[in-house]
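Some notes on the structure that comes next.
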Amino acid sequence: MGVLLLFTLMSIVGNAKGVESTRVYAFGFSASFNDSIVYFTEIQAIDSAYLEGGTHFLVERHEYAAQLKNYFTSIGEANRTCVVLFAKSEKEIMKKYLKLRKRYEQPKKGQPRFRVVNVMKDSFLFHAVEPSSSYQDPATSRRELKAARKAAKKAAKQASKAQVQQLNQ
């Protein structure tokens with residue numbers, strides 16, 4: 001009884017509150033351990049992206065990386081690791097983009113380490129992803145979690161007292 005109440009309270013407290021829909025700017029990066037080619041998508045605006053309330057992190061970010069991975073699989077580049085970087089402003093994302101590109105374009109000891117390939121917008125576009133029904137915002141406050149634990153503990157104690165009373169009767 002008390003355990004059931006605990007899970008109910010935790011699910012109520014852990015709902016996706018504090019998630020906001022906003023425009024973000026993002027680009028994808030893909031690399032493989034099997035070759036020296038790295039891919040960069042162009043910076044793209046995603047109009048209906050969702051950010052977590054407290055952390056401002058991209059909700060369902062693994063889905064965006066999966067979109068990029070599916071693109072590479074469709075063109076015969078199946079074994080690639082894909083990452084999506086994002087920011088709320090164009091200036092911020094451009095800074096991240098240039099920093100990462102510089103890391104891969106800079107030659108090491110005169111020899112280029114990687115071949116950088118651009119993926120244009122007409123080849124690949126990110127599509128906005130809505131939070132799934134099972135999504136839980138990690139920014140849920142400690143106070144709410146503490147209150148839920150306290151309520152569950154109290155309910156378990158009352159259930160235990162009720163069982164003792166039934167046994168004594």
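Keep in mind that this is a model prediction, so the values were computed, not measured.
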Notebook entry, point to check: Looking only at heavy atoms, what is the nearest atom pair of R113 and Q106, with distance?
Noted result: NE-O, 4.0 Å
Note to self: Can a donor-acceptor pair be found, under 3.5 Å and without considering hydrogens, that links the side chain of Q44 to the backbone of F124?
What the structure shows: yes
Note to self: By the salt bridge (charged side-chain N to carboxylate O under 4.0 Å, His left out) test, which pairs, at least two apart or in different chains, include something from residues 30-50?
What the structure shows: R23-D47, D35-R80
Check: Can L125 be reached from I43 by stepping across I, L, V, M, F, W or Y side chains whose heavy atoms are under 4.5 Å apart?
Finding: no
Note to self: Using every non-hydrogen atom in the two residues, find where E20 and H56 come nearest and quote the distance to one decimal.
What the structure shows: OE1-CE1, 4.4 Å
Check: Rounded to the nearest 0.5 Å, how far does OG of S21 lie from CD1 of I46?
Finding: 11.5 Å
Check: Which heavy-atom pair separates Q67 from V129 by the least distance, and what is that distance?
Finding: NE2-CG2, 3.4 Å
Notebook entry, point to check: Is F27 reachable from L58 through a run of hydrophobic residues whose side-chain heavy atoms are each under 4.5 Å from the next?
Noted result: no
Checklist line | Connected via hydrophobic side-chain network under 4.5 Å: F57 and Y64 | finding: yes
Note to self: Tell me if a side-chain donor or acceptor on T41 pairs with a main-chain N or O of V119 at a distance below 3.5 Å.
What the structure shows: no
Checklist line | Single-linkage hydrophobic cluster M120~Y39, side-chain heavy atoms < 4.5 angstrom | finding: no
Check: Are any side-chain N or O atoms of E105 and backbone N or O atoms of V116, one a donor and one an acceptor, separated by less than 3.5 Å?
Finding: no
Note to self: What's the separation between atom CG in L68 and atom OG1 in T73, rounded to the nearest 0.5 Å?
What the structure shows: 9.5 Å
Notebook entry, point to check: Is the side chain of Y50 donor-acceptor paired with the backbone N or O of E60 at a distance under 3.5 Å, no angle test?
Noted result: no
Note to self: Using every non-hydrogen atom in the two residues, find where S48 and A128 come nearest and quote the distance to one decimal.
What the structure shows: O-CB, 3.6 Å
Checklist line | Pairing residues for Y104 by the ring pair (Phe, Tyr, Trp, His ring centres under 6.0 Å) criterion, not counting sequence neighbours | finding: F29, F114
Note to self: Can you tell me how far apart CZ (F40) and CG (L100) are? Round to the nearest 0.5 Å.
What the structure shows: 4.0 Å
Check: Is there a path from Y25 to V59 through hydrophobic residues (I, L, V, M, F, W, Y) whose side chains come within less than 4.5 Å of each other?
Finding: no
Name each donor-acceptor pair under 3.5 Å that joins a side chain in residues 81-99 to protein atoms two or more places apart or in another chain, with its distance.
unit_1: S89; atom_1: OG; unit_2: E92; atom_2: N; d: 3.1
unit_1: K96; atom_1: NZ; unit_2: F86; atom_2: O; d: 2.8
unit_1: Y97; atom_1: OH; unit_2: R101; atom_2: NH1; d: 3.0

